[in-house]
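Please read the structure below before turning to the comments.
Small disclaimer: the values here were computed from a predicted structure and weren't measured.
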Amino acid sequence: MTATTDHVSSEFLSVLATGDCAGTAEALNAGCQCVSLDRPALLDALARDPRDGALQAMLAESRPHLFAESMAFVSARHVKAMTGVVAAIERVVAMPAWQETVLNWAPESARRPAIATGVFLGYDFHLGVDGPRLIEINTNAGGGLLNAILGRAQRACCPEVEEVMEALPGAAEDLEARFVAMFLSEWQAERGDAPLRAIAIVDEAPQGQYLLPEFLLFQRLFERHGIAAWICDPTELVHSDAGLSLHGQPVDLVYNRLTDFSFDASASAALRSAWLAGSAVITPHPRAHALYADKRNLVLLSDPAALRGLGVDEATLATVTEGVPRTEAVCRERADDFWARRRSLFFKPASGFGSRGAYRGDKLTKRVFEEILAGDYIAQALVPPSERRLEVEGAPVDLKMDLRNYVYRGEVQLVTARLYRGQTTNFRTPGGGFAPVLAVPDALGEVERSRLHALIHKVSGGG
């Protein structure tokens, strides 16, 4: 895109030139419709192994909407605000009073202590009118490695974006190396200096999972670092006095991608036995899910009185309750109240994951509402997602956008966006999918602002 194409408006450039952080990001999301994904560079980033031809074909043929064609823009202060909410929640979760409270309603398997904390916590946010609001926390958040590779395949799509990119600090350190270090940290926390020899990447029927490409990429990443790695269904694992094994091969560590968070399903019997016996390091594990991702925890996090009762300090409390929308446990006794307020609420199963069983209140029928009352649901104050306008098949389309922070031991490793249409996040939307996030600086320097004013003058007909 150039400053003279129809993709750029003078209004867009005017907002950009003010140096206002939030306004700049909003203007870029609405006005920059260029393709920033360099597909050949993406293929090059994937082509590290003789087996990668099949992986490339899989992405192109059966998962065409896994990666968005363009990046998403978020103000630096909103990125900072999300980091602050993450840090505040981490402080709360570390408190013995919090752990005692949430483990009271957790399944038995979650009560086993663990030193490993769990890889790839996903803190998911919507950008509300007053800033980012936490929608949920996930303990097996997918997409981290896919997004690390995606980030390497981006180019500045137009002079306006290039101005912003040039104002940013230098490139981040290699995410893949950090991810490997994270798994090693989990292993060393439980096993000290013992060598990590073999990892099993476990999910139900993995060959049919939409994120199978990421499993393959992790397998190859581990292998490049001298660690044997296999992808398997939990029923393929065997636990015995000798430990956890897969087809006779010992398994040291399990990268757990299951949505059976407490290992209660019969298919997870070997994992449950190994977890309770401590004979394999499993990450993430049932305890991590209970401490972070059980959606009933959001009720506590959005309740100032409850947090004060746990001994949370006022500064932390203020950050958490500002960042977490009010969340309530749904009960039949308050059915009339919830129905009357349904248009301002989003209903989710307390033990659910992804978008399964989740409903916007304004879309509810009486029949579905009755199912919600009969189930174990929470109701969260509705925070509509922000939008990213892109050109799809020759026409502008407004896609919804949510933001995922990948977190390990309180550190935000990566922030990415998911672009979609419909009620909930998906990877079926033309033009949508994972998108890299470009944090727009709080203020542009005088040189950048001068260049932008020149661009505005050019677009407005000044020559």
Side-chain angles (χ1 to χ4, degrees), residues 25 28-29 32-46 52 55-56 58-74 78-79 82 119-127 132 135-138 140-155 157 161 172 175-176 178-179 203 209-218 221 257 353-355 385-392 397-407 412-422 424-439:
L28 285 165
N29 282 324
C32 177
Q33 298 172 24
C34 296
V35 171
S36 64
L37 175 59
D38 186 336
R39 288 280 175 182
L42 178 62
L43 293 177
D44 288 344
L46 292 169
D52 283 337
L55 175 60
Q56 293 169 347
M58 184 188 305
L59 290 170
E61 295 170 9
S62 62
R63 294 157 176 83
H65 308 309
L66 184 57
F67 298 123
E69 294 289 332
S70 300
M71 65 182 71
F73 304 97
V74 180
H78 285 163
V79 172
M82 289 189 290
V119 296
F120 289 115
L121 271 178
Y123 283 74
D124 293 346
F125 290 83
H126 284 177
L127 283 181
I135 303 305
E136 62 186 26
I137 304 174
N138 296 286
N140 61 353
L145 185 53
L146 289 169
N147 280 286
I149 293 171
L150 179 63
R152 294 203 302 267
Q154 301 297 314
R155 51 183 167 75
C157 54
V161 172
L175 277 171
E176 291 184 9
R178 295 176 69 188
F179 291 163
D203 201 355
Q209 294 290 337
Y210 193 76
L211 290 185
L212 172 63
E214 183 168 57
F215 301 168
L216 295 168
L217 289 169
F218 268 113
L221 176 63
R257 296 288 292 253
F353 60 93
S355 60
S386 54
E387 293 185 339
R388 173 75 170 100
R389 175 167 292 179
L390 294 176
E391 186 172 292
V392 179
V397 175
D398 289 324
L399 300 178
K400 298 175 183 177
M401 179 173 78
D402 72 5
L403 300 170
R404 170 164 286 178
N405 288 241
Y406 293 92
V407 177
V412 177
Q413 298 175 313
L414 174 66
V415 181
T416 190
R418 295 178 294 178
L419 307 181
Y420 62 98
R421 298 185 77 179
T424 52
T425 307
N426 59 67
F427 293 99
R428 305 295 192 271
T429 301
F434 285 121
V437 165
L438 179 61

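Side-chain atoms of E214 come within 3.5 Å of backbone N or O of G144 as a donor-acceptor pair. Distance alone, capped at 3.5 Å, is enough to place a donor-acceptor pair between the R388 side chain and the M71 backbone. Using a distance-only test at 3.5 Å, with no hydrogens or angles considered, a donor-acceptor pair links the side chain of N29 to the main chain of F73.
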Check against side chain to side chain contact (heavy atoms under 4.5 Å, CB included), R404 and N138
CA-CA 10 Å; R404 170 164 286 178; N138 296 286; 3.4 Å; yes
Could you go step by step and tell me if L390 and V397 meet the side chain to side chain contact (heavy atoms under 4.5 Å, CB included) rule?
CA-CA 5 Å; L390 294 176; V397 175; 5.8 Å; no
Test side chain to side chain contact (heavy atoms under 4.5 Å, CB included) on L217 and L146; report intermediate values, then the result.
CA-CA 8 Å; L217 289 169; L146 289 169; 3.6 Å; yes
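Atom-to-atom distance recorded for Y406:OH and L414:CG is 6.5 Å, nearest 0.5 angstrom. Note that CG of L221 and CD of E176 are 5.5 Å apart. Values are rounded to the nearest 0.5 Å. In this structure, CG on L127 lies 5.0 Å from CG on L403, to the nearest 0.5 angstrom. To the nearest 0.5 Å, atom CZ of residue R389 and atom CG of residue L28 are 14.0 Å apart. Put simply, OH on Y420 and NZ on K400 are 6.0 Å apart, with the number rounded to the nearest 0.5 Å. Here the CG-CG distance, from L212 to D203, works out to 9.5 Å after rounding to the nearest 0.5 Å.
Among all heavy-atom pairs drawn from H126 and P385, the shortest one is ND1-N, 3.6 Å. Closest non-hydrogen pair, A68 versus L419, comes out as CB-CD1, 3.9 Å. Residue F125 comes nearest to Y123 through the heavy atom pair CD1-O, 3.5 Å, listed as atom of the first residue, atom of the second, then distance. Across all their heavy atoms, A417 and V437 have their closest contact at N-CG2, 3.5 Å. Taking all atoms of both residues into account, the shortest heavy-atom contact from A72 to A435 is N-CB, 4.3 Å. Taking both residues in full, the closest heavy atoms of G142 and L211 are given as CA-CD1, 4.0 Å, listed atom of the first, atom of the second, then distance.
Residues N140 and F120 fail the side-chain proximity criterion, which asks for heavy atoms closer than 4.5 Å. Side chains of H65 and P430 form a contact here, defined as non-hydrogen atoms less than 4.5 Å apart.
Ring geometry for F179 versus F218: interplanar angle of 30 to 60°, hence tilted.
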